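For clarity, every value in this text was computed on a predicted model and none was experimentally measured. So that the names make sense, note that chain A is the first sequence line, chain B the second, and so on, each numbered from 1. Both backbone and side-chain heavy atoms feed into the values below; hydrogens, waters and symmetry mates do not.
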Amino acid sequence: MKNKIVSIVFLLVLIFTLWSCHTDPLLQPMPKNTDISFVQPANWPSPHYNFQNNTLTSDGFALGRRLFYDARLSIDNSISCASCHEQTTAFAQIDHAFSHGVRNQLGTRNSPALFNLAWHTSFFWDGGVNHIENQPIAPILNPVEMDETIPNVIAKLNADPSYRLQFKNTFGSEEINTQRIQKAIVQFMAAIVSNQSKYDQVKNGKASFTADEQAGYILFHQKCNTCHAEPLFTDFSFRNNGLPFSLDSGRAHITGLASDRFKFKVPSLRNLNFTKPYMHNGSIASLGAVLDHYTSGLVPSPTLDPLLQNPITLSATDKSKLIAFLNTLNDYEFVKDLRFKQP
Amino acid sequence: MKSNLILLSILCVSLFSCVKKDDPIDANASSNAKVTFSNFVGSQPLTLQTKWYNNANGDSFKVNVYKYYITNVKLVKSDASVYAENESYHLINEADVNSHSFVMANVPEGSYTSISFLIGVDSARNTSGAQTGALDPINGMFWTWNSGYIMAKFEGVSPQSTSMDKSVVYHLGGFSGPNNVLRTVTLTFPTTMIVKKGTTPNVHIDGDVAEWFSFPNVIDFAQKPLLMTPGKDLVNIAENYKDMFKVNHID
């Protein structure tokens, strides 16, 4: 009799255990690689965007990442954000001066790398977008990029029950609207932090520069640091760095000021190994050629930056040392971070 | 005796009805107030797509799209106290009759003598990231290439236009510095508006499209058929249209 009771209890426990294992596959917890948090690197300034009114959660991050990689955001379902922003190349597009939009159209500026965006105060080469949450809709609507409409995107996402569930998990209800799309994509974009380069290891006392790298670092401080300020390696300002004349008026397109003509946002020098070609128009193919531009290729014009009125002086050895230092800014960890990969 | 009774009855009835009529305003209670916008060109009601009008320069035109933001609405009482609507963002779209009016809730009971509002979206909301409702970019009133709202939008055609397809397009945007097209409008009511429980007074405001192009800056459709980037030309139109509204009546 006692054995019988034990058997029944055991059976009940077994049934209960098996039953509780059965859950809706859609309701299973997200894969581990969405465990996300925003940790401000030591000795960095406070981020400009701190997820206020858009609390970073694993659900929101996973939704944003899915949207980032989803070609349904384009009119013919062919182009996603990731088409021109590939993780393996620091979310830039290597070897493309201009990226391709829908219907084989070419863009007009070099696809910028995406990392440490939470520190940026404006977006695009001309700084036309004043808030990170307003950035994602611009390429969606741009006729030479994704050329889609917001109502179409919402309809496509609504047609997919798994998206409705993700919006519910993130925002509390299934409603899909522009604001939620913007905020979700930003949960992904703003969480991409690149701070694991050799330079960062050195700063944290976990590695040391070689003699050439150290010499390059000193040269960097003498010649480059004003615009490409540490630790983000940009001061986020707009400057004319003396490229040959082009029709793209840059910052002036936004401000309407003649004094802003041909000025573009100073790019970060992190991850240069992944992001060639360089400059807003992708016109310079190698780091060596970039340095040659600053020593002997500057084109004078009324808005040429005051710091570049005279060419930068660098010997051939200086250049190789400077490049040795710049190569310590490549972050080989974040380009393969599983959390940022296509889901 | 009989007549006394009659008189007494009349007195009672009068007193009773007097009490009803003068139901005292409860300063701690609140009710609703409505605002309705009607758009005109001069004295003629605005009709999209089909009707022809003339501007001050003598150019003729039709209107295809006409939208503007009314935001930060405030009602001012006779004692100068102010009611400011919460989340006060309204997009008036001529093509959508439902958008022509809105009801403001939780307006304290009392006598109101004027209304004020902003034509356009305050600079704070132009720089605060993703918005929703009337401010959702889906409404076609947001510049994605140069962050900021189109405060007011006029699109039409004119034989005098020098654009390729004879269109005339004015997108009023710009929220900072010399390019700021935001304008505050204050309108005094012709009669006091009483807000009290059980009623929803309706402020009828007329807007005149012709004002965009007339005073002080006459707009010549041949010279400036397309204005869609922040700058002095758009500020000139804002200076014109800041006087386009008047209160017709309150009922």
Portion of [X] that has a non-hydrogen atom of chain B nearer than 4.5 angstrom:
{"X": "A:I154", "answer": "side chain"}
{"X": "A:S122", "answer": "neither"}
{"X": "A:L141", "answer": "side chain"}

Exercise for the section: On the 0 to 90° scale, with breaks at 30° and 60°, tag the A:H253-B:W145 ring pair as parallel, tilted or perpendicular. Expected result: tilted
Handout entry: Side-chain ion pair, A:R65 and A:D70, N-O less than 4.0 Å
Key = no
Exercise for the section: Determine, for A:D248 against A:R109, whether the closest basic-nitrogen to carboxylate-oxygen distance falls under 4.0 angstrom. Expected result: yes
Which bit of [X] is near chain A, if near means a heavy-atom gap under 4.5 Å: side chain, backbone, both or neither?
{"X": "B:D136", "value": "side chain"}
{"X": "B:S128", "value": "backbone"}
{"X": "B:P137", "value": "both"}
{"X": "B:T132", "value": "both"}

Exercise for the section: Check whether the ring centres of A:F38 and A:W119 lie less than 6.0 Å apart, and answer yes or no. Expected result: yes
Handout entry: B:F245-B:F117 aromatic ring centre distance below 6.0 Å
Key = yes
Practice task
Pick whichever of A:I132, A:I150, A:N130 has the most heavy-atom pairs under 4.5 Å with chain B.
Solution key: A:N130
Handout entry: Residues that B:F142 engages under ring pair (Phe, Tyr, Trp, His ring centres under 6.0 Å), provided they are two or more places apart
Key = B:Y149
